[in-house]
Amino acid sequence: MVDLATQYEHIKAEINSAIDDVLKSTAFINGPYVRQFKENLEKHLGVRHVITCANGTDALQLAMMALDLQPGDEVITATFTYVATAEVIALLRLTPVLVDVVEDSFVIDPDKVEKAITKRTKAIVPVHLFGQCADMERILDIANRHGLYVIEDTAQAINADYRFSDGRVMKAGTIGHIGCTSFFPSKNLGCYGDGGALFTNDDALAEKLSMIANHGQRVQYYHDIIGVNSRLDTIQAAILNIKLARLNDYTLARQRAAEYYDRAFADHPLVKTPRRVSNSTHVFHQYTLTLDPKVDRDGLKKYLANHQIPAMIYYPVPLHQQKAYQSERYKTGDFPVAERLSKSVISLPMHTELTEEQQDYIISHVFNYLNQYKV
Ligand SMILES: *Cc1c(COP(=O)(O)O)cnc(C)c1O
């Protein structure tokens, strides 16, 4: 699905020298590269504060902890997403309230968000799924009218641009009260292990988030609030600095590959290409097709695998149908879009090193498989 080896080959000299530098300095924790990366990322995203942490799931947890939510408070998020978002909500004894997504674009449906609001609702967590922003203008409007926090999960959409109707452009993750991202190796800005970060323009929240990530202390050994230990390693920060300098090029490479897929599949009656929303750029963490119901998706996946082409199902089971998140609140049929998507989506290889030759090979094999169906 990704080709980190080829990507590494292109930046090997720089990466090895940076890692070597960290090894020689032995500043493995909170070394100078961590601050450098934080500042570089603040500049790149145009956000006042970046707080680095150990991974994207921690980022979401730190965000919820910083907002002083109380057990039983409700947090609204999408049912069609990665589990991390709902997981930290549940771990903090908050109540995950799941809502459906928009057909074709896969992002949380603002109409459904508004309908799910109750007196206990405290926050909305839009997930910018697969690389494009949820409808942040509507979500912010809903949040403002109901006095709710907005925490963006931008683990899949770092570097996406969101355009408001008045023309303002902001980076994904810098729009709500707090943005959360992951530097997992396969993410659009990935390190060589685990890593994560939070974004905010609120000075007080930024200070609180740094304290929580560091055992609740501002001054060492003086613990003002209950925190956790969540840090980005110096080695990972050194690697991220090098990759951040190339993030715009990496994003363009993904967008070019997506357009190439788009053109190939545009007129095929059995597949729908991913729809772009009008107010966000798409950074293509995933390139996800929706198959006609008559296509045997597992058969396609197996056929591709037999020809050395990886394909993945993101996500095979919506959260409301996962064992761990079943609740009397929901039953099968409540979220028809998510349920339909979970049975019909398939993601093709998408990364910065894809060549047209590789894409032609992938595309022709998808066509070969689909040829068995009469249309
Ligand atoms: C990857 C991901 C996370 C979690 O990130 P980790 O660094 O793996 O903890 C959270 N939300 C979404 C949408 C993700 O894709």
Side-chain angles (χ1 to χ4, degrees), residues 49-99 101 107-108 113 116-118 120-129 134 139 143 148-158 172-173 175-184 187 193-200 202 205-206 208-216 225-232 285 314-315 317-327 329-330 338:
H49 304 281
V50 167
I51 298 96
T52 54
C53 65
N55 57 67
T57 310
D58 271 13
L60 288 160
Q61 181 180 329
L62 294 167
M64 310 266 173
M65 288 174 76
L67 297 177
D68 287 328
L69 307 183
Q70 299 304 312
D73 284 351
E74 294 175 0
V75 179
I76 299 174
T77 194
T79 187
F80 187 67
T81 186
Y82 185 56
V83 70
T85 325
E87 186 175 67
V88 302
I89 296 169
L91 266 178
L92 294 173
R93 303 267 171 241
L94 311 170
T95 304
V97 173
L98 302 173
V99 301
V101 294
V107 290
I108 194 165
V113 169
I117 293 172
T118 71
R120 303 220 65 173
T121 307
K122 291 288 155 53
I124 307 169
V125 187
V127 182
H128 302 321
L129 202 71
I139 289 168
L148 308 176
Y149 290 113
V150 176
I151 302 171
E152 300 174 73
D153 181 341
T154 191
Q156 301 189 1
I158 198 158
I175 305 164
H177 296 88
I178 305 178
C180 300
T181 204
S182 161
F183 304 123
F184 186 83
K187 300 280 154 104
D194 276 305
L198 297 120
F199 316 136
T200 185
D202 181 315
L205 265 180
K208 193 154 180 206
L209 289 167
S210 327
M211 284 174 71
I212 294 172
N214 185 26
H215 298 292
I225 49 180
I226 296 175
V228 299
N229 173 21
S230 188
R231 294 184 286 242
L232 179 69
H285 177 59
Y314 303 117
Y315 295 93
V317 183
L319 295 183
H320 70 281
Q321 294 178 315
Q322 297 280 0
K323 254 191 216 148
Y325 295 93
Q326 270 166 18
S327 122
R329 278 173 178 268
Y330 314 114

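The first residue of the sequence shown is numbered 1, and numbering continues consecutively from there. Just so it is clear, the values below take in all heavy atoms, side chains as well, and ignore hydrogens, waters and symmetry mates.
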For [X] and [Y], work out which heavy atoms get closest and say how close.
X	Y	answer
Leu232	Gly195	CD1-CA, 3.6 Å
Gln61	Leu92	O-CD1, 4.0 Å
Asp58	Asn229	OD2-O, 4.5 Å
Ala54	Ser230	N-OG, 2.9 Å
Ile124	Ala143	CD1-CB, 4.3 Å
Phe80	Ala338	CB-CB, 3.8 Å

Assess the residue pair Leu205 and His49 against the criterion (side chain to side chain contact (heavy atoms under 4.5 Å, CB included)); give the C-alpha distance rounded to whole Å, side-chain angles, the decisive distance to 0.1 Å, and a yes or no.
CA-CA 9 Å; Leu205 265 180; His49 304 281; over 6 Å; no
Atom [atom1] of [X] and atom [atom2] of [Y]: how far apart are they, to the nearest 0.5 Å?
X	Y	atom1	atom2	answer
Arg120	Leu69	CZ	CG	11.0 Å
Asp153	Leu60	CG	CG	5.0 Å
Phe183	Thr52	CZ	OG1	8.0 Å
His285	Tyr314	NE2	OH	6.5 Å
Gln322	Ser327	CD	OG	13.5 Å
Asn55	Lys187	CG	NZ	9.5 Å

Under 4.5 Å between any side-chain heavy atoms of [X] and [Y], yes or no?
X	Y	result
Val101	Leu129	no
Ile108	Ile139	yes
Pro96	Leu319	no
Ile151	Cys180	yes
Lys208	Asp68	yes
Lys122	Leu94	no

Within the 3.5 Å criterion, strictly below it, is a donor on Thr57 or Glu87 matched to an acceptor on the partner's side chain?
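No - no donor-acceptor pair under 3.5 Å links their side chains.
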The criterion is side chain to side chain donor-acceptor pair (under 3.5 Å); which residues satisfy it with His320, sequence neighbours excluded?
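By the side chain to side chain donor-acceptor pair (under 3.5 Å) rule, His320 matches Thr79, Glu339.
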Might you work through the side chain to side chain contact (heavy atoms under 4.5 Å, CB included) test for Thr121 and Val97, ending with a clear yes or no?
CA-CA 9 Å; Thr121 307; Val97 173; 5.9 Å; no
Pairs flagged by salt bridge (charged side-chain N to carboxylate O under 4.0 Å, His left out) wherever residues 175-184 is involved - sequence neighbours left out
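Counting only pairs at least two positions apart or across chains, no salt bridge (charged side-chain N to carboxylate O under 4.0 Å, His left out) contact touches residues 175-184.
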Please determine whether side chain to side chain contact (heavy atoms under 4.5 Å, CB included) holds for the pair Val127 and Tyr82, giving the CA-CA distance in whole Å, both sets of side-chain angles, and the decisive distance to 0.1 Å.
CA-CA 9 Å; Val127 182; Tyr82 185 56; over 6 Å; no
Flag, side chain of [X] to backbone of [Y], donor-acceptor distance under 3.5 Å:
X	Y	value
Glu74	Ile117	no
Tyr330	Leu98	yes
Glu152	Gly176	yes

Applying side chain to side chain contact (heavy atoms under 4.5 Å, CB included) between Phe199 and each of Thr154, Ile178, Ile175, Leu209, report the one that passes.
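Among Thr154, Ile178, Ile175, Leu209, the one meeting side chain to side chain contact (heavy atoms under 4.5 Å, CB included) with Phe199 is Thr154.
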When the ring planes of His177 and Tyr149 are compared, do they come out parallel, tilted or perpendicular, using 30° and 60° as the limits?
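If you compare the ring of His177 with that of Tyr149, the planes turn out perpendicular.
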